[in-house]
Amino acid sequence: MKRLLGIIKKEDSEQLFVNSGSFVGLVDNSQSKEFKAYKWQKELFESKEPKDELFNFRLGPSSGALLESVTFNIFTYGERIKEVYIDNSYKSRSIEKLMIKKDVFEGLRLAEQICASFAFSHSCAYSKAIENAFNIQPSYKTKIMRLIFIEIERIFNHIYVISRLANAAAQKVLANHLIYLFDEILENNKYLFKNRFLKNINSIGTIKYISLDQLKIFVNKLENIVNEFEKLYKFSLKSENYLDRLHNTGLLTTDDFEEFNFDGPAVKAMNFPLDTRSFEDLFDDFKPILEEGSDALSRMIVRAKEIFQSMALIKKLLINLQENNDENNIRIDDDQQKRNAIAFTESPSGTIYYYIELVGNKIDYVYIATPSIFLIKAIEKALRGQIFTDFTFAVESFGAFFSDAAK
């Protein structure tokens with residue numbers, strides 16, 4: 001399944017940043033006709049002006065119904081949504097531009113600022129790109145620790161997204177229980193790792209020292225929380241009203257994937273096994289969680305099952321972790337050599353890709369492909385034909401973050 005991750009524009013040249021399974025890299029723009037997603041990524045949009053008979057109902061950028069600053073232009077003539085265009089430029093901080101001329105360690109801190117919910121995933125994808133460029137080989141312990149923290153991030157993020165979804169679908173009691181569990185994990189993060197969203201833990205070539213005893217304490221607490229989640233999840237599946245709201249809401253098709261190239265739980269809910277953890281050597285025989293409904297319910301089920309899968313992965317990884325302290329002697333000299341590299345990490349909502357060019361130890365160019373860029377286009381498509389009652393939980397089912405998309 002080929003995906004267009006982005007368009008690399010430099011001076012008068014243009015290359016395509018693509019993933020075609022075993023290959024992730026840049027190709028000549030002569031291949032643009034192979035990607036339907038080229039049109040919207042090239043900003044060759046169709047008209048966003050409302051047709052004569054439609055009314056443009058604007059929601060946002062500042063509204064109690066929205067988590068982040070964003071505007072939904074909803075074209076309608078009544079209760080049913082005909083078209084939607086999302087403007088998330090309010091969240092833009094031009095982080096790619098801010099990285100230019102920064103040294104690689106300053107760039108790492110900026111990568112963590114893109115989206116709090118995916119801070120550790122961004123940190124890992126960025127670090128791996130720098131390590132590839134300088135041929136740095138992280139230790140076995142660092143590799144395992146990174147995988148553990150990525151799965152921790154996946155668990156608290158999925159619980160958060162499901163809580164938002166439940167709240168939007170008027171399941172207030174379930175939503176409040178879930179948001180409590182989410183906050184419990186963040187408080188444990190802060191207590192044991194000194195940051196609620198796991199920032200300042202990962203670094204280039206290494207990871208912060210955390211004792212094995214500390215990690216075991218955290219994992220025991222996390223398993224108790226996941227067990228509580230499992231009870232709530234099984235109970236929620238008995239609510240016909242809840243399931244009926246999510247079933248057949250926000251449907252997507254194979255054509256939608258080819259046009260917008262989204263990934264993560266959104267595409268796994270369409271029975272497509274697109275998950276870069278399948279290529280991870282430290283996971284034995286990893287199988288992505290798949291569903292077939294292609295709707296909000298299937299996306300929720302994929303996230304719930306991934307929570308249990310992540311907990312099992314963490315426990316397996318912990319068995320292989322030995323107590324020792326990595327030597328943090330990473331040196332990156334400013335030798336003025338030109339280098340470039342690509343790396344990626346499977347975040348909770350899809351894969352994060354970094355393409356970075358360096359001169360010495362300074363960043364000369366960077367392009368970041370985040371999962372939310374693609375999910376926003378999927379949301380626009382999924383909302384067409386829905387009624388306003390379905391709007392909120394259809395949006396929440398994707399787990400997209402507008403800060404992640406705007407960068």
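Every value quoted in this text rests on a predicted model; they were computed, and no experiment measured them.
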Salt bridge [X]-[Y], side-chain N to carboxylate O under 4.0 Å:
| X | Y | answer |
| --- | --- | --- |
| K315 | E223 | yes |
| D103 | K362 | no |
| K231 | E228 | yes |

Review point. Below 6.0 angstrom between ring centroids: does that apply to F218 and Y191?
Key: no
Review point. So, F120 versus F197, ring centres under 6.0 angstrom or not?
Key: no
Review point. At their closest point, which heavy atom of F374 faces which heavy atom of L4, and how far apart are they?
Key: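 Taking every non-hydrogen atom into account, CE2-O, 3.3 Å.
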Practice item. Decide yes or no for N167 and K172: does some side-chain heavy atom of the first lie under 4.5 Å from some side-chain heavy atom of the second? Key: yes
Exercise for review: Start with the C-alpha distance between F257 and R3, add both sets of side-chain angles, then the distance that settles side chain to side chain contact (heavy atoms under 4.5 Å, CB included), and finish with yes or no.
Suggested key: CA-CA 9 Å; F257 169 77; R3 296 181 65 212; 4.0 Å; yes
Test the [X]-[Y] pair against the cation-pi criterion, namely NZ or CZ under 6.0 angstrom from the six-membered ring centroid and within 45° of the ring axis.
| X | Y | answer |
| --- | --- | --- |
| K128 | Y354 | no |
| K407 | Y367 | yes |
| R58 | F72 | no |

Determine yes or no for a side-chain-to-main-chain donor-acceptor pair under 3.5 angstrom, with [X] supplying the side chain and [Y] the backbone.
| X | Y | value |
| --- | --- | --- |
| N188 | I185 | no |
| T206 | S203 | no |
| S397 | A394 | yes |

Check your understanding: With respect to K82, which candidate in L383, I74, L54 satisfies the side-chain contact (heavy atoms from CB on, under 4.5 Å) definition?
Key -> L54
Check your understanding: So which of R299, K268, K305 actually passes side chain to side chain donor-acceptor pair (under 3.5 Å) with E291?
Key -> K305
Review point. Looking at T370, T345, N202, D404, which one forms a side chain to side chain donor-acceptor pair (under 3.5 Å) with H122?
Key: D404
